[in-house]
Amino acid sequence: MNKYVSIIVILLILLFGLLSCPKPDSIPGDESPSIHLSFTFEADTDIETWIIGEAVDVLAEGGTTDGTCETSTEQAKTGTQSLKIMGALGTEEYSSQKVVIKLDDTLDLSPQDFSRVVMTVSVFVPAPPEGGGDYIQVTLQNSAGDNVQSSAFSITYDTWNDIIFDVDTYITGTETWGYDSTGGSPEQVYTAVTGIGAKVGFSTGPGRDYYYYIDDLNAEAKSLRAYATARGIYIGAAVNPDHFNETNYNTTLKEEFNMMVAENAMKMGPIHPSENTYSWNGGDAIISLAETNNMEVRGHALLWHNQVPDWMKAKNYSELETVLQSHIDTVVTHYKGKIHSWDVVNEIIKDDGTGLRNNNETPDSSGYSIWADTPTDDSLIIEAFNRAHTVDPDALLIINDYSNETMGQTKADALYNLIDGWVGEGVPIDGVGFQLHLLEEYNPDYTNIRANIDRYVALGLEVHFTEIDVRISGTVTQTKLDHQALIYANLMQIALDYPEVTCFVTWGVSDKYSWIPDFFEGYDKALLFDENYFPKPAYYELIDVLD
C-alpha cells in the first residue's frame, strides 16, 4: 500500500468519529456518529482506496478472465471523471463484472456499526450489444467478500442512472452468515467488522466483452440513535452500570441510544441503604457515561412501594414526611442539572384501580405501600413533587405506572382522574410515564392509547414511554419476532405523531440481561437486541418508522 493510500485510509478512520448529521434543537445530545464513505473518482487514489488489501477488485463472475478498472474522462456524472469497469467475459449465460470497496482490515468495528447501510451510486451503461442484459445488481459485502444482500435495478441505457440501495444487514469479519434470529446458533462466532464493500454488477449476456461507468458512490451507516435524534425523540434503555465494562453492552448502549435510565441504581434501597448513608457509585457511573457520550438520563425513582430500605419501613407514618423530604433533597441535589426527568413517584395506583397503594393493606399484598395512610391519602406523594421541583426546577417531573396506557381501563382512568385533580391544584407535575410492558401474543389497543395520550395532552402534560418490552411466550419463531417488531413499530409511530411523546425507552439493552425470564415464567426475548447484541426485526422496524 503506498503512502498516499495509507493517508486516505487513516483519514477515513478518523472521520468515523466525526461525521454526524445536524441534531434537532429538542435533543441536546449529539447523535451517534454516522459512517460515511464517498468516492467521486476525480483522482486515481480513489481507485487505490477501493483495492486495499489482497482482494481482487474487479473480476468477471462466472467468466474466465478478471476485469479491470480505471478512471476515465469518457463519462462523468459530476466533475470530469468516473470509474470505468471493463472485462473479458466468459461463456456463462449471465456473467457479470463487479467492483468491491475495501477498508483497512485492521478496523475493529462492532456489528451494530453497520446494522443499516444506505448506498447511493450513479451508473452509466452504453447500449448493449446483441444479447446484453438490462439490469444493474448492487450488493453489500464484507471484507471476506461474502454477499449479504443484493437488489437488481432496471436501467436506462446511455444516461446516468441514480441508484439508492437501503439494506438491513449483519456485516461481520467471518466467512459465515448463519445467524439465526429465532435463537439458533451461527456456524461460527461473529467477530468484529473488518470492512465494508459494494458490488456493482452488470449482466452482459454470454461471452460479451463490455464495460460501464460508475460515479459518486456513497455508503452511509447510521444507528438507531442517529435516526431517533434526527426525528427529535429520545431513544433510551434501562441500564445496569455493573455491565459497563462489557464491550458489547457498552458499545451497543452508546451507539444505539441517546438516553439512559437506571434500572435499579437510583431507587431508594440501592441509593439510600441506611439512614445516614448514600451509595452514589452506580448512579454516578451512569451520569459519567452519559456526559461522556452526549446522552440524557432519566432518574428512576424517588418514591416507590418496592425496594424501600428496611430502616424506612421501620419508621412511623408520622415520621415519613421528614424522611421523604430529606431523601429527595439529598438525591435531587446530588444530581441537579444532570437529570432530564425524574420518575418522582412510581406505581402508586392499586392494580384494581380502587385508589392508592396504602399501609392499611396487608404488607405482602400488591396494594401495600408505606407512602399513603389510606386509598385517598396523596399528601406524601404530592410532597414528593413539590420537594423535587423546589430542589431542581429544571428537571421534568413524571408520574410513572404500568397498565395505564389504555383509556377505558379501570387503573388507567383512576390514574388520569388523580392527575387531573393535581393539575387543577397546581401540583408541579410535567408528565405521565406509560411503562408498556407488553405481551407479543396480544395486540395493544392503539386507538385507546392515542385517546389516552390526547387527554393528557389536553392537560398540558408530556407523555413518556418509559419501560417498553414486548415479551414472547414459549418457542421463539420468526412469526412471533415479526409481530413483536410490528408492536414496537406501531408504538414508535404513535410517539412520532405526538410532539408531547418525547421519550421511547426500553427496559434493558439486550435480551442477555432482561428481567423478563426471572419474573414471567415461559417468557423471554422482549428487547431490540438479542443475547449476542445483534439487532432483531424490531430494531429494523423502528428504523423504518423513524427514517
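Throughout, numbering of the chain's residues begins at 1 and tracks the sequence.
Contact check for Leu528 versus Val509: no side-chain heavy atoms found under the 4.5 Å cut-off. The shortest side-chain heavy-atom distance between Met260 and Leu253 falls under the 4.5 Å cut-off. Looking only at side-chain heavy atoms (C-beta outward), Leu481 and Lys536 come within less than 4.5 Å of each other. Using a 4.5 Å cut-off on side-chain heavy atoms (C-beta onward), Ile348 and Leu356 make contact. In this structure, the side chains of Tyr488 and Val545 stay at 4.5 Å or more apart for every pair of heavy atoms. At a threshold of 4.5 Å between non-hydrogen side-chain atoms, the residues Leu224 and Leu546 count as touching. The shortest side-chain heavy-atom distance between Pro241 and Ile286 falls under the 4.5 Å cut-off. Here the side chains of Tyr513 and Asn240 are not in contact, with every heavy-atom distance at 4.5 Å or above.
Residue pairs meeting the salt bridge (Lys or Arg N to Asp or Glu O under 4.0 Å) criterion with at least one member in residues 236-253, sequence neighbours excluded, are Glu246-Lys512. Screening residues 415-434 for side-chain hydrogen bond (donor to acceptor under 3.5 Å, both in side chains) gives Asp378-Trp422 as the qualifying pairs, with residues at least two apart or on separate chains. Pairs passing the salt bridge (Lys or Arg N to Asp or Glu O under 4.0 Å) check and including a residue from residues 447-466, sequence neighbours excluded, read Asp413-Arg455, Arg450-Asp497. Sequence neighbours left out, the pairs with a member in residues 382-396 that pass side-chain hydrogen bond (donor to acceptor under 3.5 Å, both in side chains) are Gln325-Glu383, Asp329-Arg387.
The pair Arg357-Asp351 counts as a salt bridge, with a side-chain nitrogen and a carboxylate oxygen less than 4.0 angstrom apart. Using a cutoff of 4.0 Å between basic side-chain nitrogens and carboxylate oxygens, Lys350 and Glu361 are scored as salt-bridged. A salt bridge does not link Lys411 with Asp352: every distance from a Lys NZ or Arg NE/NH1/NH2 to an Asp or Glu carboxylate oxygen is 4.0 Å or more. Here Arg298 pairs with Asp343 in a salt bridge; the nearest charged N to carboxylate O distance falls below 4.0 Å.
Heavy-atom minimum distance, Asn359 versus Tyr317: ND2-CD1, 3.6 Å. For the residue pair Leu324 and Leu380, the shortest heavy atom distance occurs at CD2-O, 3.4 Å. Scanning both residues, Phe465 and Ala495, for their nearest heavy atoms gives CE1-CB, 4.1 Å. Closest approach of Gly299 to Ile339, counting heavy atoms only: N-CG2, 3.7 Å. Between Leu527 and Ser514, the shortest heavy-atom contact is CD1-CB, 4.1 Å. The shortest non-hydrogen separation linking Ile235 to Arg225 is CG2-CA, 3.9 Å.
With 3.5 Å as the limit, one finds a donor-acceptor pair spanning the side chains of Asn400 and Thr466. Defined by atom type and a distance below 3.5 Å, a donor-acceptor pair is missing between the side-chain atoms of Asn258 and Tyr234. Under the 3.5 Å distance criterion, with hydrogens and angles disregarded, no donor-acceptor pair is assigned to the side chains of Glu405 and Asn448.
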Go through the steps to decide whether Asn443 and His483 satisfy the test side-chain hydrogen bond (donor to acceptor under 3.5 Å, both in side chains), and finish with yes or no. CA-CA 9 Å; Asn443 283 311; His483 187 233; 2.6 Å; yes
Assess whether side-chain hydrogen bond (donor to acceptor under 3.5 Å, both in side chains) is satisfied between Asp284 and Tyr335, documenting all intermediate values. CA-CA 9 Å; Asp284 287 358; Tyr335 293 117; 3.1 Å; yes
For Ile453 and Ile494, run side chain to side chain contact (heavy atoms under 4.5 Å, CB included): C-alpha distance rounded to whole Å, both residues' side-chain angles, the deciding distance at 0.1 Å, then the answer. CA-CA 9 Å; Ile453 295 172; Ile494 291 173; 3.6 Å; yes
Side chain to side chain contact (heavy atoms under 4.5 Å, CB included) between Lys267 and Ile271, intermediate numbers included: CA-CA 6 Å; Lys267 291 173 180 172; Ile271 207 169; over 6 Å; no
Can Ser510 and Glu531 be said to form a side chain to side chain contact (heavy atoms under 4.5 Å, CB included), step by step? CA-CA 6 Å; Ser510 84; Glu531 294 88 342; 5.8 Å; no
CA sep, side-chain torsions, deciding dist, call: Met295, Phe257, side chain to side chain contact (heavy atoms under 4.5 Å, CB included): CA-CA 8 Å; Met295 304 169 77; Phe257 300 97; 4.3 Å; yes
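To the nearest 0.5 Å, atoms CG (Asp547) and OH (Tyr227) are separated by 4.5 Å. Rounding to the nearest 0.5 angstrom, the gap separating the CG atom in Asn358 from the OH atom in Tyr368 is 9.0 Å. Going from atom CD1 of Ile468 over to atom CG of Leu542 covers 8.5 Å, rounded to the nearest 0.5 Å.
With hydrogens and angles disregarded, no donor-acceptor distance shorter than 3.5 Å links the side chain of Lys338 to the backbone of Ala290. Of the possible polar contacts, none joining the Asn346 side chain to the Leu302 backbone as a donor-acceptor pair under 3.5 Å is found. Judged purely by atom type and a 3.5 angstrom limit, Gln484 uses its side chain to pair as donor or acceptor with the backbone of Lys525. Panel note: side chain Asp511, backbone Asp524; no donor-acceptor pair is recorded below 3.5 Å. Checking side-chain atoms of Asp445 against main-chain N and O of Met407 turns up no donor-acceptor pair under 3.5 Å. A side-chain donor-acceptor contact under 3.5 Å links Asn360 to the backbone of Asp373. A donor-acceptor pair is defined here as one N or O able to donate and one able to accept, closer than 3.5 Å; no such pair exists between the side chain of Thr406 and the backbone of Gln409.
Taking Thr410 as the reference, nothing meets the side-chain hydrogen bond (donor to acceptor under 3.5 Å, both in side chains) condition, with sequence neighbours excluded. Remark: Thr362 engages Asp364, Ser365 in a side-chain contact (heavy atoms from CB on, under 4.5 Å) (not counting sequence neighbours).
Between Tyr249 and Phe244, the two ring planes are tilted [angle within 30° to 60°].
The aromatic ring centroids of Phe534 and Phe529 lie 6.0 Å or more from each other. For Phe385 and Trp342, the gap between ring centers reaches or exceeds 6.0 Å. For an aromatic pair to be called close, the ring centres must be under 6.0 Å apart, and Trp507 with His300 satisfies this. Note: His305 and Trp371 fail the aromatic proximity criterion, with ring centroids not under 6.0 Å apart. Ring centroids of His464 and Phe504 are separated by 6.0 Å or more, keeping the two rings apart. For Tyr278 and His272, the gap between ring centers is short of 6.0 Å.
Screening Leu461, Val344, Leu415 for a side chain to side chain contact (heavy atoms under 4.5 Å, CB included) involving Ile399 leaves a single residue, Leu415. Shown are Tyr442, Phe520, Tyr402, Trp515; of these, the ring pair (Phe, Tyr, Trp, His ring centres under 6.0 Å) with His437 is made only by Trp515.
With Tyr523 as the aromatic partner, Arg471 meets the cation-pi criteria of under 6.0 angstrom to the ring centre and within 45 degrees of the ring axis.
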